[in-house]
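Letters go in sequence order (proteins before strands), and every chain restarts at 1.
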Number of protein chains: 2
Amino acid sequence: MTEGRTLRADAVRNRKKILAAAREQVTAHGPDVGMDEIATAAGVAVGTLYRHFPTKTDLVAAVMEEFVARIADDIEAACGRVAAGGRAWDELTGFLARLIEAAATDQAIKAATQTLGAVPDDKADEDRASTALANLIRTAQSDGDLHPDISVADIYLLFSSVPTDCPPTTRTRWLTLVLFGLNPHGRAGDRTSAR
Amino acid sequence: MTEGRTLRADAVRNRKKILAAAREQVTAHGPDVGMDEIATAAGVAVGTLYRHFPTKTDLVAAVMEEFVARIADDIEAACGRVAAGGRAWDELTGFLARLIEAAATDQAIKAATQTLGAVPDDKADEDRASTALANLIRTAQSDGDLHPDISVADIYLLFSSVPTDCPPTTRTRWLTLVLFGLNPHGRAGDRTSAR
DNA sequence: GATAAAGTCGAACCATGGTTCAGCTTACTT
DNA sequence: AAGTAAGCTGAACCATGGTTCGACTTTATC
């Protein structure tokens, strides 16, 4: 269905190299890296990038999809642990903590979190993430650990603006503050050290 | 002290026009407007901008200072109303609601909120804002309306990432979610309609 | 191994946007 | 009123970064 035409042997090889380099570069320097830098890192000329991806936006989008997929995998794993008897609230906070920590290191993840709520091309993986998150939310709510009217959109809304360019303690503090608003037990939900 | 040299009559006039145009343009299109656009709006050539401000960054910084000053005025006014018998929590939430609403319309305010926590040149006005906010916080805490360990830095942290490119209802929802985490009464603090 | 199609190369193109500066105009001085 | 320095002008400069395209090379086919 999404079969273009049979690619030549070196073409497939280059495509892989390009995607790998793009992933690496975007991770390190964010989606604003130059095409030249990606090309150099891939050991390929710029023109080759444009043979595989019509525009820079498309290339970056392809990389982003991978990261959204990774996020989706993470939530689904958390869901699995809940099904195996884990506490939903703990898995939820654990996931969010991992997400915020990843966003700090990884410029691409940062950009990806900002894209989650809005205009994505990666319907499939985002849907996976959303349904798994919805599942987690529902369970946490019936456990009485999460305010009953919190929705998936709410989580996306809060985490679309994770602070990244700051010391780790600041990020931890931010998570603490946000979790206060989600947990009906009030301060009870706090397991991170303040300030 | 900060006296350069006596400016010529038309120079002062142009300086005002430039600052006015810059304010207007930055408000409308954010700090990324071109120098040309500011110049045109001021009825002046680009070169004139550079006679008054050595670099674009300096010009934008000058405009930002005005906005920080405006924010500082707002909090100080709120402080005044508290001194006159107003409830600190109400004034605090009122201020935050105004801030978030302004940030939505005003690209400059949006940028200003993101600058509040970090690397500012406008020590004076930021200090005014900080002390007034600290005052408000202290009062709200002794009223029992605000969690006791919330600091000025916490408020800056939360509001450094106000969502702006979204419908008004989303902004309202965001404020609601954040306030949940600040108010020890839990849902009691909610006076905004959900979703 | 010869031929054509597919792929690659990279210098050149183009658009954007901050910054400069040589020549002209204007406001103050005497 | 003349002189001079301060101020203004805007075309040109430069750096950045995405995109194109004609010449060249490689893969696959016969």
Side-chain angles (χ1 to χ4, degrees), chain A residues 2-65 107-108 111 115 119 121, chain B residues 2-65 107-108 111 115 119 121:
Chain A
T2 322
E3 277 299 331
R5 206 41 309 149
T6 38
L7 283 180
R8 230 167 64 177
D10 59 344
V12 237
R13 206 181 318 130
N14 277 335
R15 184 168 240 276
K16 280 178 188 167
K17 288 201 295 184
I18 289 173
L19 273 170
R23 192 182 311 132
E24 179 190 334
Q25 293 297 309
V26 171
T27 298
H29 311 119
D32 290 338
V33 271
M35 290 294 261
D36 293 357
E37 321 216 44
I38 298 178
T40 307
V44 162
V46 243
T48 307
L49 300 189
Y50 285 92
R51 169 148 286 266
H52 292 276
F53 301 91
T55 176
K56 179 183 176 176
T57 308
D58 294 299
L59 174 54
V60 175
V63 173
M64 291 307 195
E65 266 186 59
Q107 293 295 323
T115 331
V119 289
D121 311 286
Chain B
T2 320
E3 277 298 333
R5 206 39 312 143
T6 38
L7 284 181
R8 230 166 64 175
D10 57 344
V12 232
R13 207 180 318 132
N14 276 336
R15 185 168 239 278
K16 281 179 188 167
K17 288 201 295 183
I18 290 172
L19 272 171
R23 192 182 312 131
E24 179 190 335
Q25 292 298 308
V26 172
T27 298
H29 311 117
D32 290 338
V33 271
M35 289 296 260
D36 294 357
E37 320 216 42
I38 299 179
T40 307
V44 162
V46 238
T48 307
L49 300 189
Y50 285 93
R51 170 150 286 268
H52 291 276
F53 301 91
T55 176
K56 178 183 175 175
T57 309
D58 294 299
L59 174 54
V60 174
V63 173
M64 290 307 195
E65 266 186 58
Q107 294 295 322
T115 332
V119 289
D121 311 287

Asp10(B) meets the side-chain hydrogen bond (donor to acceptor under 3.5 Å, both in side chains) criterion, sequence neighbours left out, with Arg8(B)

Whole-Å distance between [N] [atom2] and [X] [atom1]?
| X | N | atom1 | atom2 | answer |
| --- | --- | --- | --- | --- |
| Leu59(B) | dT19(C) | CG | C1' | 14 Å |
| Phe53(B) | dT20(C) | CZ | P | 16 Å |
| Arg51(B) | dT19(C) | CZ | C1' | 15 Å |
| Lys56(B) | dT19(C) | NZ | P | 8 Å |

Would you say Asn14(B) places a side-chain N or O within less than 4.0 Å of OP1 or OP2 belonging to dC8(D)? yes

TODO: Give a yes/no answer on whether the side chain of His52(B) brings an N or O atom under 4.0 Å of OP1 or OP2 in dC8(D).
DONE: yes

Pro31(A) and Met64(A) have their tightest heavy-atom pair at CG-CE, 3.8 Å

Is any side-chain heavy atom of Ile38(A) closer than 4.5 Å to a side-chain heavy atom of Lys56(A)?
no

Using residues 15-24 of chain A as the side-chain source, report each donor-acceptor pair under 3.5 Å to any protein atom, sequence neighbours left out, with the distance given to one decimal.
| unit_1 | atom_1 | unit_2 | atom_2 | d |
| --- | --- | --- | --- | --- |
| Arg15(A) | NH2 | His52(A) | O | 3.4 |
| Arg23(A) | NE | Glu66(A) | OE1 | 2.5 |
| Arg23(A) | NH2 | Glu66(A) | OE2 | 3.2 |

What residues 15-30 of chain A contributes to the DNA chain D interface at heavy-atom separation below 4.0 Å is none

Here the residues of residues 32-42 of chain A within 4.0 Å heavy-atom distance, strictly under, of DNA chain D are Val33(A), Gly34(A), Met35(A)

Which of Val26(A), Val33(A), Thr27(A) passes side-chain contact (heavy atoms from CB on, under 4.5 Å) with His29(A)? It is Val33(A)

For nucleotides 20-30 of chain D, 5' to 3', base contacts (B), sugar-phosphate-only contacts (S) and non-contacts (-) with protein non-hydrogen atoms under 4.0 Å give B-----BSS--

With the side chain defined as heavy atoms from C-beta on, Thr48(A) is closest, among dG7(D), dT9(D), dC9(C), to dC9(C)

Applied to residues 31-44 of chain A, the salt bridge (charged side-chain N to carboxylate O under 4.0 Å, His left out) test, sequence neighbours excluded, yields none

